Amino acid sequence: MFERYTDSIRNLVDRSLNFLGVPYRFGGTSPLTGFDCSGFVGKVFADALGFGMPRTAAEMSQMGEQVKFAELKPGDLVFFNTMRRAFSHVGIYLGNYQFVHAPSTGGVVRVEDMRLDYWAARYDGARRVLPNGQSRQPQSN
């Protein structure tokens with residue numbers, strides 16, 4: 001079961017990177033017309049793992065289990081306060097302090113470093129949402 005979890009996360013990360021360069025569009029949920037941050041995350045999770053996500057970053061912040069910064073793993077959701085309210089922005093953690101997201105008007109889906117001053121000052125936390133929708137890591141038998 002652990003191998004399936006690893007393969008699912010690999011698929012999630014790979015799928016997220018397939019959308020690099022797609023333009024930002026407020027309310028967007030499609031690579032054809034553009035993504036906003038939560039539309040991007042929702043599309044990646046639906047395509048890679050086959051399950052739906054809530055529509056907003058704030059709603060996504062209630063899924064899965066909380067993860068400490070030092071324990072981040074690829075596929076975790078990372079949240080930021082970019083609009084003067086908690087959990088107003090979401091991206092997908094890739095590892096090595098990198099995350100992929102749909103940033104803002106005029107931007108495109110891209111990878112950024114969470115250690116940059118802008119992101120570090122706005123970091124709100126992370127959640128781990130597993131491929132089968134559970135909120136804890138699968139146990140091997």
Side-chain angles (χ1 to χ4, degrees), residues 1-83 85-141:
M1 189 163 186
F2 182 74
E3 187 62 38
R4 187 178 315 139
Y5 174 76
T6 302
D7 287 346
S8 294
I9 296 306
R10 189 175 302 117
N11 289 340
L12 180 77
V13 168
D14 289 347
R15 187 67 179 150
S16 71
L17 296 175
N18 285 341
F19 294 123
L20 290 176
V22 172
Y24 178 88
R25 179 172 173 242
F26 182 77
T29 59
S30 167
L32 301 176
T33 56
F35 289 120
D36 66 9
C37 67
S38 55
F40 166 70
V41 169
K43 176 68 170 159
V44 171
F45 269 75
D47 286 0
L49 305 177
F51 72 87
M53 295 289 284
R55 183 58 190 99
T56 69
E59 291 169 329
M60 289 178 184
S61 74
Q62 302 302 308
M63 306 243 342
E65 65 182 17
Q66 191 170 1
V67 179
K68 293 178 183 174
F69 187 83
E71 297 171 2
L72 283 170
K73 293 182 179 179
D76 289 342
L77 299 180
V78 288
F79 296 92
F80 303 90
N81 177 341
T82 59
M83 300 176 75
R85 66 177 186 273
F87 308 108
S88 55
H89 188 70
V90 62
I92 300 171
Y93 187 69
L94 300 173
N96 217 21
Y97 304 102
Q98 307 293 303
F99 73 107
V100 60
H101 68 127
S104 59
T105 302
V108 297
V109 173
R110 64 182 179 233
V111 175
E112 296 206 59
D113 192 317
M114 294 174 61
R115 296 170 295 185
L116 293 174
D117 289 345
Y118 179 87
W119 296 111
R122 289 164 176 78
Y123 180 73
D124 267 343
R127 307 291 290 189
R128 184 162 299 143
V129 180
L130 299 180
N132 58 4
Q134 295 178 351
S135 62
R136 57 185 170 80
Q137 194 162 12
Q139 303 293 316
S140 57
N141 294 348

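Small disclaimer: the values here were computed from a predicted structure and weren't measured.
Atom CG of residue N18 and atom NZ of residue K43 lie 11.0 Å apart, to the nearest 0.5 angstrom. Note that CG of L72 and CG of L77 are 10.5 Å apart. Values are rounded to the nearest 0.5 Å.
A salt bridge does not link D14 to R10: none of the charged side-chain nitrogens sits closer than 4.0 Å to a carboxylate oxygen.
In this structure the side chain of V100 never reaches within 4.5 angstrom of the side chain of V44, judged on heavy atoms. At least one side-chain heavy atom of M60 sits under 4.5 Å from a side-chain heavy atom of M53. For the pair I92 and V78, the minimum side-chain heavy-atom distance is 4.5 Å or more.
When all heavy atoms of D124 and R85 are compared, the closest pair comes out as OD2-O, 4.4 Å. Taking every heavy atom of both residues into account, C37 and A102 meet most closely at CB-O, 3.6 Å. Of all heavy-atom pairs between P103 and V108, the closest is CD-O, 3.0 Å. Residues V22 and P31 share a closest heavy-atom pair of CG1-O, 3.7 Å. Closest approach of R110 and L20 over heavy atoms only: CA-CD2, 3.7 Å.
For R55, the side chain to side chain donor-acceptor pair (under 3.5 Å) partners at least two apart in sequence or on another chain are D36, S38. For S104, there are no side chain to side chain donor-acceptor pair (under 3.5 Å) partners two or more places apart in sequence or in a different chain.
Judged as a ring-ring contact (aromatic ring centres under 6.0 Å, His included), the pairs with a partner in residues 108-127 (not counting sequence neighbours) are, in order, F69-Y123, F80-W119, F80-Y123, H89-W119, F99-W119, H101-W119.
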> Given the rule in the side-chain contact (heavy atoms from CB on, under 4.5 Å) test, do V67 and Y93 qualify, once you have shown the distances and angles that lead to the verdict?
Replying inline: CA-CA 12 Å; V67 179; Y93 187 69; over 6 Å; no
> Yes or no on salt bridge (Lys or Arg N to Asp or Glu O under 4.0 Å) for D76 and K73, after CA distance, side-chain angles and deciding distance?
Replying inline: CA-CA 6 Å; D76 289 342; K73 293 182 179 179; over 6 Å; no
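Within a 6.0 Å radius of CZ in F19, other residues, nucleotides and ligands contribute more than 12 heavy atoms. No more than 12 heavy atoms of other residues, nucleotides or ligands lie within 6.0 Å of CD in Q66, so this atom counts as exposed by the packing criterion.
Under a 3.5 Å cut-off, the side chain of R127 and the backbone N or O of S61 do form a donor-acceptor pair. Although no hydrogens or angles enter the test, the distance criterion places no donor-acceptor pair under 3.5 Å between the side chain of N96 and the main chain of Q98.
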